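Scope of the values below: all heavy atoms of this structure, side chains included, with no hydrogens, waters or symmetry mates. Letters go in sequence order (proteins before strands), and every chain restarts at 1. Small disclaimer: the values here were computed from a predicted structure and weren't measured.
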Number of protein chains: 2
Amino acid sequence: MNADSPTQPRWQRRKDARPSEITQAALQLFIQRGFAATKLDDVAKLAGVTKGTLYLYFPSKNDLFKAAIRETVLPSIQMAEQVVADSALSATELLRCLVEEWVRLIEESPANGLSKLVVAEAGNFPELAHFYLDEVVYRVRRVFGDILQRGIEASEFRPVNIEFTIKEIISPIILQTIWNHAFGPYRTERFDMREFTRFHLDILIRGIQS
Amino acid sequence: MNADSPTQPRWQRRKDARPSEITQAALQLFIQRGFAATKLDDVAKLAGVTKGTLYLYFPSKNDLFKAAIRETVLPSIQMAEQVVADSALSATELLRCLVEEWVRLIEESPANGLSKLVVAEAGNFPELAHFYLDEVVYRVRRVFGDILQRGIEASEFRPVNIEFTIKEIISPIILQTIWNHAFGPYRTERFDMREFTRFHLDILIRGIQS
DNA sequence: AATAATTAACCGACCAGTCAGTTATTTATT
DNA sequence: AATAAATAACTGACTGGTCGGTTAATTATT
């Protein structure tokens, strides 16, 4: 056993810092192993506390999940909404710019496994599915929908079906992130996401422009 | 309680029929609830036996899974390979034809939840991930790669990056099937997959043609 | 009667959530 | 300043339920 040095307490009271430490640890493990497969004991250990402490700050595993998501993705979405509302760029430029920025964000954020996580668990956790649909999916779609609408009105784009085109825009990006998180560990080759994104935008814009 | 009629035995010996009844039941539940979340007791009940019987035919849950996949998807892939090898259509027509046939198959098959299932569980079950990559993913990609190659050589398509274009082709379709299985139960609106597919092919072909 | 297929009771490991107790920190008292 | 009392952050053992896998007993078949 380690005789704990008397000057260093076994733990400290850190009421303010705990919640975000816990949500960050939780998000990391949820993304790494999935929601159902993640044990709260492991989350606690990674956050430097014990499981009991988790329940001081979050009433359930579900709530912990929701808190982690809120803390991580909502700022980015708000920023995107802001950019689209304020920017004076053409729809084409805005689309390019936003998608590329999105990919840049995805590549650097620890949250790039979120799509896969949610898709994988939605079926078994209705509460989480609804939460994600309302707070993330629909809002992101609206952002792209607005850009397309603007582009069509300005005759930059043909009068395409907007719902479908949104899917055309986001599908390759999202599926690739899902893919990376599902099979990444089993493939040696690296994939140049940025180059793929430029390629995707070229094809897509060529396909919808007037 | 029901006093079982003496003429009907409580169960019968059906050594030959059991395996496929069990794999079908397993596949259905795996797709419905995921691999980890599916209880073998439920598989057994759906197959009309008890859990012990499962272990007479399959040594483990993993083996049961692999057997179910093999039995279900390999035939379709072989058929697609055959079509591409034999057809005399132009690359454009072949692409359209194959994708639309693929979607038709997806819509009617009970196995249309397979992408989501595999993506969801791959991270926690390496054995299953490797199996699916080798036997399904790479083979499907090769089919589309061949079509693109042919189209480029015939100057129907620009000399696009083939790896990227394969992803362009399949991403919206696959992501939509994943989506349907992840969030389908929580959305009332129905989604016209066929119409979306036609739309997707229009945009895509417009984007890659010479 | 012998055998093979199937059942059903069982085991052991696992895990979300609980709670009685421990300990760091703050506040009141001298 | 020293100390005692009060507070609340934190721990860790425990519970109830679940589930993959096992096996002794039962039942159909030959």
Between [N] ([atom2]) and [X] ([atom1]): distance, integer Å:
X      : N      : atom1 : atom2 : answer
A:L54  : D:dT11 : CG    : P     : 10 Å
B:L29  : D:dG20 : CG    : C1'   : 16 Å
B:F58  : D:dT22 : CZ    : P     : 16 Å
A:D16  : C:dT25 : CG    : P     : 14 Å
B:R18  : C:dT7  : CZ    : C1'   : 11 Å
B:K61  : D:dT22 : NZ    : C1'   : 17 Å
B:L64  : D:dG20 : CG    : P     : 11 Å
B:N124 : D:dG20 : CG    : P     : 15 Å

B:T197 and B:Q176: CA distance, side-chain angles, deciding distance, side-chain contact (heavy atoms from CB on, under 4.5 Å) verdict = CA-CA 10 Å; B:T197 303; B:Q176 189 59 44; over 6 Å; no
[X] side chain, from C-beta outward: closest of [options]:
X     : options                : value
A:Y57 : D:dC10, C:dT6, D:dA8   : D:dC10
A:K39 : C:dA24, C:dC15, D:dC10 : C:dC15
A:L40 : C:dA16, D:dG21, C:dA24 : C:dA16
A:L56 : C:dT7, D:dG21, D:dC10  : D:dC10

A:H130 and B:Y186 aromatic ring geometry - parallel, tilted or perpendicular at 30°/60° bounds | tilted
Indicate, yes or no, whether a donor-acceptor pair under 3.5 Å links the base of D:dA9 to the side chain of A:R13.
-> no
With a 3.5 Å cut-off and just heavy-atom distances, do the side chain of A:K51 and the base of D:dG12 make a donor-acceptor pair?
-> no
Assert yes or no for the condition that the ring centre distance of B:F65 to B:F58 is strictly below 6.0 Å.
-> no
Judged by nearest nucleotide, the residue sitting upstream toward the 5' end of DNA chain D, A:K15 or B:A36, is A:K15
Ignoring backbone atoms, establish whether [X] has a side-chain N or O less than 4.0 Å from OP1 or OP2 of [N].
X     : N      : value
A:T53 : D:dC10 : no
B:Y55 : C:dT6  : no
A:R14 : C:dA24 : no

A:F199 six-ring centre to B:K167 NZ/CZ under 6.0 Å and within 45° of normal | no
Look at the side chain of B:S87 and the backbone N and O of B:V84, then say whether any donor-acceptor pair between them is shorter than 3.5 Å.
-> no
